[in-house]
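Here is the structure we will look at, set down as structure tokens.
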Amino acid sequence: MNAAVDASVEEMTTGAAALAAVPVRVGPYWHSLFYFNVYRLIVAAVLLLAAVLFPEAVVGSRSPNIYLYGGVAYICSTALFFLSIRSRRPEFNTQIGMQVCADVLFVSLLTYASGGVSSGLGLLLLASLAAAGIISRGRMTLFFASLASIAVLLEHIFDTVYRDGAVNFFVQAGLLSVGYFATAWLAHTLARYTQASEQLAAQREVDLASMAHVNQLVIQDMQDGVLVVDEHGAIRQINRRAVEILGPLSRATSQLSLAEYAPALAERLQRWRQDPGADFDPLRTVLTNKLAGARFVPVGRNRNRGAVIFLEDLTRIQAEAQQMKLAAMGRLTANIAHEIRNPLSAINHAAELLLEEQNLNETHKRLLTIVHDNTQRLDRMVQDVLKLNRRDRAHRETFLVGDFLRTFVSQFCQIEKVPEDVISLHIEHDGSVTFDRSHLNQIMWNLCRNALRYCQRKRASIRLTLGVGPLRNALELHVHDDGPGVPEAIRPHLFEPFFTTAASGTGLGLYIAREICDANNASLEYIEHSGTGAHFLLAIRGAKL
């Protein structure tokens, strides 16, 4: 993970440096040039309409024909520039230079036709110079100012020499030229600040993108599931681990709410918003049948604005603990096999020999029977522990569950000497599974023997139901009985090792059954309900329906 994150950071940093080295981004420049040309077209149209609508005005007072022809030519040239901007030919700097030169030419011509510098039309070039300087980011701005100043001075010199223009208007022309340079310098300075701000913003954008990418890598590689939910309950972000815990998404997260995806988790989120100190039990997911713990963290100070949900896969933690436990159990069972079974066999054999004596009184017989029974019980416990240690040695094969159950019911009733109608088998949907047949037989034997011990032994006192559950490619086998059920106080301890309510039991039956279920990609749970009797659910994943 660290290597991937470092590589991503290096890639993003390189990208930021490369972007900072690029002086312009072409797209915004052409857009700005387009709007500048729109402004030029509006100015040319207004100047032409002013001469037409107000013939007594200053504009065009010296030479109306030159003014009208110049205005029409100004509009036509501006319209032609739209075509060159659209095709982006010639290149950008050439086009901005051509437009400014056209402004200088036509404004100088209209200024001459309107009476010279005194008409005030030369002020229009201030806006053109400012816009050109900002659009071109300060390039050639002083050249444009020089060009405009030369044009104004030449126009007034021509006016003075050939039209008897006033010499004192040279001061006005000079001030106008100073204004051109001042405007150009100001535009140049603003353009530099704008360019620096753009580069800084682009670098910040890349930095934020790299940080977001790194955060995404970290979130996706987390061992815990992470969901980000907004105030309306919509899922804004979810990592791969959360999908593994909760199940596959039905559609895109932008269109999926938490209530649709995980209703139980959404209900807990609502309770947490009302009471942040609420304590929640582990959550059993519907789609994956995993045990998960949920922790809620508010986004900001208000819990109703949004929340980050951290999901911890307790099944994985339990599996890791079980692996450690099995490793210790392996060493323990090896010692048990050598240190306990041999003296236990000797004690049992001695007790059997003493029971064969003819002159034993009833007290001695009862005591020897107690010794014999308890040695047998210890021997069964050792056998169960040894089976537990071999749970990973599964020899899987593919077979139809329905055929297996029919054979199992027949054999179970014969060996346990009960009528076959005591067990009712109902197959709603059959399918093939990949399972260790002996393991499945051991699981079913344990469940049915427990059910037989507590049921009423009437017709259909034990009900086996095979069907399809909410999991994809999963078969569910339900085992019901009509007995008194499991008391609520001992339900949390059902699958604990060495926990039993029977005097002759070892307390390892259900524990071993669940362990070998895990070894065969299955799960075994006790279903709590308000009806009578016990109800166990065996879910086998990966079935072919």
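Ring orientation note: the planes of F280 and F296 are nearly perpendicular, at an angle over 60° on the 30°/60° scale.
D482 pairs by the side-chain hydrogen bond (donor to acceptor under 3.5 Å, both in side chains) definition with S461, not counting sequence neighbours. Remark: D403 engages R406 in a side-chain hydrogen bond (donor to acceptor under 3.5 Å, both in side chains) (not counting sequence neighbours). Residues passing the salt bridge (charged side-chain N to carboxylate O under 4.0 Å, His left out) test with E428: none are found, sequence neighbours excluded. With sequence neighbours excluded, the residues satisfying side chain to side chain contact (heavy atoms under 4.5 Å, CB included) with P282 are L291, L314. Applying the ring pair (Phe, Tyr, Trp, His ring centres under 6.0 Å) test to F495 and every residue at least two apart in sequence or in another chain returns nothing. In this structure, S345 has no side chain to side chain contact (heavy atoms under 4.5 Å, CB included) partners at least two apart in sequence or on a different chain. Applying the side chain to side chain contact (heavy atoms under 4.5 Å, CB included) criterion to Q411, with sequence neighbours excluded, gives T407. Listed by chain and number, the residues in a salt bridge (charged side-chain N to carboxylate O under 4.0 Å, His left out) with D430 amount to none (sequence neighbours excluded). Evaluation of the salt bridge (charged side-chain N to carboxylate O under 4.0 Å, His left out) rule for R449 yields E416 as partners, not counting sequence neighbours. Every residue two or more places apart in sequence or in another chain was checked for a salt bridge (charged side-chain N to carboxylate O under 4.0 Å, His left out) with R305, and none qualifies. For L367, the side chain to side chain contact (heavy atoms under 4.5 Å, CB included) criterion is met by T363, not counting sequence neighbours.
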Throw together a table of side-chain donor-acceptor distances under 3.5 angstrom for residues 261-269, partners on residues two or more places apart or in other chains.
residue: Y261; atom: OH; partner: G247; partner atom: O; Å: 2.3
residue: R268; atom: NH1; partner: D281; partner atom: O; Å: 2.3
residue: R268; atom: NH2; partner: D281; partner atom: O; Å: 3.1

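R459 contributes no side-chain N or O that, together with a main-chain N or O of D421, makes up a donor-acceptor pair within less than 3.5 Å. Of the possible donor and acceptor atoms, none in the side chain of R241 sits under 3.5 Å from a partner among the backbone N and O of V226. Between the side chain of D481 and the backbone N or O of C455, no donor-acceptor pair lies under 3.5 Å.
Residues H439 and F435 approach most closely at CB-CE2, 4.1 Å, considering heavy atoms.
Rounding to the nearest 0.5 angstrom, the gap separating the NE2 atom in H478 from the CG atom in L464 is 11.0 Å. Annotation: the span from R541 atom CZ to N520 atom CG amounts to 11.0 Å, rounded to 0.5 Å.
Around the NE2 atom of H493, the shell of radius 6.0 Å holds more than 12 heavy atoms that belong to other residues, nucleotides or ligands. Other residues, nucleotides and ligands contribute at most 12 non-hydrogen atoms within 6.0 Å of the NE2 atom of H349.
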